Amino acid sequence: MVAQLTQFERRLALIIAGLMALCGLVLAAFGHRDPIGVHGLIILAAAIGTMFVVISGSFADVPDDSHLGRYYDDPIKVGVVLAMGWAVFAMAVGDWVAWLLAYPEMTFDAAWSGFGRLRPMHTTGIIFGFGGNALIATSFHVMQRTSRARMPDQLSPWFVLLGYNLFCILAVTGYPMGITQSKEYAEPEWYADIWLVIVWVVYLALYLRTLARRQEPHIYVANWYYLAFILVVAVLHIVNNLAMPIALASAKSFPIFAGVQDAMTQWWYGHNAVAFFLTAGFLGMMYYYLPTRSGRPIFSYRLSIISFWGITFFYMWAGSHHLHYTALPHWVQTLGMTFSAMLLVPSWASAGNALLTLNGAWHKVRDDATLRFMMVAAVFYGLSTFEGSFMAIRPVNSLSHYTDWTVAHVHAGALGWVALITFGAIYALVPILWKRQGMYSSALVEVHFWLALAGTLVYVFAMWNSGLVQGLMWRTYSASGTLAYSFVESLVAMHPYYIARAVGGLLFLSGAVVGCINIWMTARHAPGTAQDAVRDRPLVILASRSLEPGE
Amino acid sequence: MDLDHEALVAFAKSFGLFYLIALSIGVLIYACWPANRRRFDRAARSVLDDEGGPWR
C-alpha cells in the first residue's frame, strides 16, 4: 500500500502520523487519571504502527506514471475487508446482547458486560463499522467509475479509511470503560467527535475533487446520494455533538442544549442518521450496483432524481416522530408525523424503480444470488419504509413506542435492507477489485443469501409478535379499571420471542462468516480474468494502453 | 423584531410551506424537462460499461 504513494505523499503520511502520535501522547500523559488516557494510548499505538508501515514501505521504488492509467482500488479492497470484519464483530456482540435479554444472568457481575455498555458496541459496530466502511469503500469505487477518473491522490483515501476506523475503535473501546454521551447513535465523546469531523471533511473534499476530474458533464445519480450522505452527516454530527468537556484531560462533556431542545436535536440527528447514513448512501449503492449487476439501466432516471429530492427534503423534518406524547410542542409532533407519512412517496418510488429495473432480468435474479441480495433488499426497503411511515402516526405510535415493534422495524431496515444491499454490492465488487472471473464459490453466496434471509425473517417476526404482545399487555385494563398485567408478566411473555430473536441473529451472523470465508478465498485462490492474463504480455499492454485516453 | 417562539412558529408555518412547494416544483420541472431526456438516458446507460480505466 505504501509502494503506490509518491515520495511527497510518504513524507506527508509520516508527518500526519507523527502529529497524531503527539496528540495521543498528550492525551495519555494529561489524562492518565481518566479513561481518556487509555484512548490516548490507543491513538499513540495506532499512529506509531502507521509510522512503522510507512517507513518500512518507503524503500520501495516510487511508482512511475503508468499507475495513473488505472483506477486506484487498493483502499477499496482494504475497506471491504474492514467492513466484513466489523460485520462479524458487531453481529456477534448483537447476538450476545440478544441472548443476554433472554438470560440476563449472563453478565458475570461485571460493569463492562451489562446490556447498557454492550448494546452501543453492537449499534456502533454495525452502523459505523460495517455500514460506514462499506459506504466508504463502495463510494470510492462508484465515484471513480462514474466519473471515469482516478482519485486525485493516493494519500487522502487512506487517511479517510484508516482515520474513520480509528474513530470506530475509539467509540467501541470507550463503551466498556463507561465513556458515553448517552445520545443514541452519537455516543462517542467530544475528542472522538472532533477527529471524525476532520476525517469527514477530507472525505468530502476527496469526493468533490474526484468528481471535478470527470469527463461526463452530468453527474450520475448514485453520486448525488453518496454526496447527500457525506454532506448531511457532517451537519448532523457537528450540531448534535456541540458539547463542553468538563476539562481538556477528561472524556466527560455536557451538551450545550438542555431539556426538550436537547431531545429534539438528538432525534433530528437520530432520524436523519437513519435517513442519510443508513438510507441515502445505501440508495447510492443500489442505484449503481443493481443496474450494473443486472446489465440494465435504471428503469426511470427521472424518477430517481425526483425521489432523491423528495427524500432529502422530507427526511429533514421527520425526526420529531420519535418524541410523540412528550414535552415537545404538539404542532412539531404533527409536523414530524406528516412528513413521515409523505416520505412513503419518494421511498416507494426508489423501491419500485429498483424492482422495475429488473423487468427483463428476472431470470438473472433466479440464477444469481448476488443480484437476489439486491432485489430482496429493495423489497425490504419498501416494506420497512411503509412500516416506518405507519408507526410515525401518533395513535399507532402510542401502541408501538417503547415496545419491541420498534426493534423489529429497525432490524427489518438494518438486516433486510442495509445489510442485504451491502452484501449484494460487496459480492458484485470483490471479483472486480481482485480481477477474478467471479466469486470463489457461488454456492457459498447462495448459502449466505438463504442464511441471511432466514435470519432476518425469524428475527423480524419474533420481534413483531413480541412488540404487539407487549404493547397490548401494557394497555389492557380489567373490569375495575386497573391494568390487567404487571410489567413483569409482560416480561415473562417476551421470553420465547427473545430466544427466537437470538436464533435469528445467529443465522444472520453465520451467513456473514460464510461471506468472509468466500471473500478471503476469492482474493487468494479464485482464477483470474482473461483480461488479467493478457496483461502479462508486454506487447498487448502497449497496444491496449495506446487506446486509453489521457495517456 | 422579537425572535420568540411564536414568531419562529409563524415563520416556519408560512415560509416553510411555500419554499418546500417551490423547491418541489423546481425539481419536477428539472426532472421532466424534455431537453434533459438525452442527458439522463446517457447517464443511465453510462454505468453499464465503466471498468475500462480512467480517462485521466
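A note on names: the letters A, B, ... follow the listed sequences, proteins ahead of strands, and every chain is numbered from 1. Since the model is a prediction, treat every value here as computed from it, not as a measurement.
Contacts between Asp41(B) and chain A at a heavy-atom distance below 4.5 Å are absent for every atom of the residue. With a threshold of 4.5 angstrom between heavy atoms, Arg296(A) approaches chain B through N, CA, C or O but not through any side-chain atom. Proximity to chain B is limited to the backbone of Ser147(A), based on heavy atoms less than 4.5 angstrom apart. In this structure, the portion of Ile432(A) lying under 4.5 Å from any heavy atom of chain B is its side chain and not its backbone. With a 4.5 Å cut-off on non-hydrogen atoms, Gln144(A) does not touch chain B at all.
At most 12 heavy atoms of other shown residues, nucleotides or ligands fall within 6.0 angstrom of atom CZ in Arg42(B). In Asp64(A), the CG atom is crowded: over 12 heavy atoms of neighbouring residues, nucleotides or ligands sit closer than 6.0 Å.
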Tyr226(A) vs Thr138(A), side chain to side chain donor-acceptor pair (under 3.5 Å): CA-CA, chis, key distance, verdict: CA-CA 10 Å; Tyr226(A) 278 116; Thr138(A) 55; 2.8 Å; yes
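Arg150(A) places a side-chain N or O within 3.5 Å of a backbone atom of His67(A) that can act as its donor or acceptor partner. In this structure a side-chain-to-backbone donor-acceptor pair under 3.5 Å is missing from Trp224(A) to Trp309(A). When atom types are taken as modelled, the side chain of Tyr72(A) and the backbone of Asp153(A) share no donor-acceptor pair closer than 3.5 angstrom.
Counting heavy-atom pairs under 4.5 Å between each of Trp317(A), Phe308(A), Tyr220(A) and chain B puts Tyr220(A) at the top. Comparing Ala12(B), Gly16(B), Ala31(B) by how many heavy-atom pairs each has under 4.5 Å with chain A, the most go to Ala31(B).
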